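Here the structure is a predicted model, which is why all the values come from computation and not from measurement. Quick note on labels: first sequence line is chain A, next is B, and so on, each numbered from 1.
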Amino acid sequence: MPELPEVETLRRGLATTLVGRRVTAVTVHERRLRRRVASSFEAALLGRRIEAIRRRAKYLLLDLDDGAVWLVHFGMSGTLVVLPATAPRRVHTHVVVAFDDGRTLHFHDPRRFGLMRVGRAAALSELDALGVEPLEESFSASFLHATAHRQRRAVKSLLMDQRLVVGIGNIYASEILFAAGVRPSRRTSRLSRADAARIVAATSAVLAEALAARGSSISDYRDERGEPGAFQKRFRVYERAGAPCARCGVVIRRTVIVGRSAFYCPRCQR
DNA sequence: ATATGCACCTGTGTGC
DNA sequence: TGCACACAGGTGCATA
């Protein structure tokens, strides 16, 4: 579910309520997530204080006062919501963590593609092979062009490859390529330096706009207060197959690239 | 080494 | 109404 704008929105919201709070209870109702929740999970969290909350790629990292990190990934359908201690858990609420101010954090994930574990930062292998952050300067036109030039796959698959650049998933890949005027099926080997520059500029513009809208809510995504984002109202191409392009009026198309839907305007994107 | 396919899950919408 | 099927904000492992 969440891509960078959704995870970052959650990070900001959770930071204001959870930093400084101490864990008073941990209940795991279902251990079968993408990886089995370790039997040591509860003990690793119990009694710890949250010192900071960071984001890397689509992962949330909660720094604990003993130096360990509580790592969360949301898969396709995961959410984290802050609720009163009395709130009932839902069918797919798999983990409930209580804090010393009486609030609880519910991890809800119907499809169970999410991840929840605690470990030393250096031992969290999920973070090892991640690429550059798309809103940092290291994601530059020269970097993208050089990387793209060495490969010949569809550019959309490159933008979604977390080993190169992180945080961009299926929604934002289509939206970024529309903003850049590049067709998602374009071979990376045929990207010009100017194309790369437009993709980098479009990436920061689209992600910034999505962050300002507090992310996209199609079905599952909610922020830490249970509120949906608003960027789905501003989709230019995603899930708009058959509708007219807002820029030129031509009908938006859907195609499949590496097994995922891609949406584009056949006139605005070449 | 690099690129694709498929598996992991549940829920929802569509068409017969 | 029931059923089959396609599809959904992701990722990691097997396979070509």
Study note, to complete from the structure: Separation of dT12(B) atom P from His92(A) atom NE2, nearest Å, is 9 Å
Practice item. Figure out the CE/P separation between Met160(A) and dT11(C), and round it to whole Å. Key: 8 Å
Practice item. May I ask you to verify if any side-chain N or O of His73(A) is less than 4.0 angstrom from the OP1 or OP2 atom of dT11(C)? Key: yes
Exercise for review: Find the distance Leu33(A):CG to dG10(C):P and express it as a whole number of Å.
Suggested key: 17 Å
Review point. Salt bridge check: are Asp65(A) and Arg22(A) linked by an N-O gap of less than 4.0 Å?
Key: yes
Check your understanding: For the pair made of OH in Tyr59(A) and C1' in dT11(C), what is the distance, rounded to whole Å?
Key -> 7 Å
Check your understanding: Is the backbone N or O of Val81(A) less than 3.5 Å from a side-chain atom of Glu224(A), with the two atoms forming a donor-acceptor pair by type?
Key -> no
Exercise for review: Let me know the distance between CD of Glu239(A) and P of dA6(C), rounded to the nearest Å.
Suggested key: 18 Å
Practice item. Return yes if a side-chain donor-acceptor contact under 3.5 Å exists between Asp195(A) and Ser192(A), otherwise no. Key: yes
Practice item. Convert the base pairs of DNA chain C into dot-bracket notation, remembering that pairs crossing earlier ones are written with [ ] and that bases paired across to another strand are shown as |; include only Watson-Crick or G-U pairs under 3.5 Å. Key: .|||||||.|||||||
Point to revise | Student check: side-chain heavy atoms of Gln151(A) and Arg187(A) closer than 4.5 Å | key: no
Exercise for review: Determine whether Val96(A) and Val26(A) make a side-chain contact, defined as any pair of heavy atoms from C-beta on separated by less than 4.5 Å.
Suggested key: no
Check your understanding: Could you state the CZ-C1' distance from Arg35(A) to dG12(C), rounded to the nearest angstrom?
Key -> 11 Å
Check your understanding: Which is true for Ser219(A) with a 4.0 Å heavy-atom rule: it touches a base, it touches only sugar-phosphate, or it touches nothing?
Key -> base
Exercise for review: Pull out every residue in residues 119-130 of chain A that has a heavy atom closer than 4.0 Å to any atom of DNA chain B, ordered by number, or say none.
Suggested key: none
Study note, to complete from the structure: Protein heavy-atom contacts under 4.0 Å, written 5' to 3' over nucleotides 1-9 of chain B as B (base), S (sugar-phosphate only) or - (none), form the string --SS--BBB
Review point. Distance between the P atoms of dC7(C) and dG5(B), in whole angstroms?
Key: 14 Å
Exercise for review: Please name the residue in the list Arg90(A), Arg222(A), Arg89(A) that meets the side-chain contact (heavy atoms from CB on, under 4.5 Å) test with His108(A).
Suggested key: Arg90(A)
Check your understanding: Within a strict 4.5 Å, meaning less than it, do heavy atoms of the Met160(A) and Val258(A) side chains meet?
Key -> no
**Study point:** Integer angstrom distance from the P of dC9(B) to that of dC3(C)
**Key:** 24 Å
Practice item. Quickly, which of Thr93(A), Val37(A), Val72(A), Val28(A) forms a side-chain contact (heavy atoms from CB on, under 4.5 Å) with Phe107(A)? Name it, please. Key: Val72(A)
Practice item. Name the nucleic acid region contacted by Phe231(A), choosing base, sugar-phosphate or nothing; use a 4.0 angstrom heavy-atom cut-off, strictly under. Key: nothing
**Study point:** Interatomic distance where NE2 belongs to His108(A) and C1' belongs to dG11(B) [whole Å]
**Key:** 11 Å
Check your understanding: Between Asp161(A) and Leu164(A), is any pair of side-chain heavy atoms under 4.5 Å apart?
Key -> yes
Check your understanding: Between Glu6(A) and Tyr172(A), is any side-chain donor less than 3.5 angstrom from a side-chain acceptor?
Key -> yes
Point to revise | Side-chain (Thr104(A)) to main-chain (Ala98(A)) donor-acceptor, under 3.5 angstrom | key: no
Practice item. Compare the minimum distances between each of dA8(C), dT11(C), dG11(B) and the side chain of Lys58(A), then state the nucleotide with the smallest one. Key: dT11(C)
Point to revise | Protein-nucleotide distance (Glu3(A), atom CD; dA8(C), atom C1'), rounded to Å | key: 12 Å
**Study point:** Atom P, compared across dT11(C) and dA1(B): separation rounded to whole Å
**Key:** 23 Å
Check your understanding: Can Leu115(A) and Tyr59(A) be said to form a side chain to side chain contact (heavy atoms under 4.5 Å, CB included), step by step?
Key -> CA-CA 9 Å; Leu115(A) 175 91; Tyr59(A) 291 89; 4.0 Å; yes
Revision key, fill the gap. Comparing nearest nucleotides in DNA chain C, the 5'-proximal residue of the pair Ser261(A), Ala57(A) is Ser261(A)
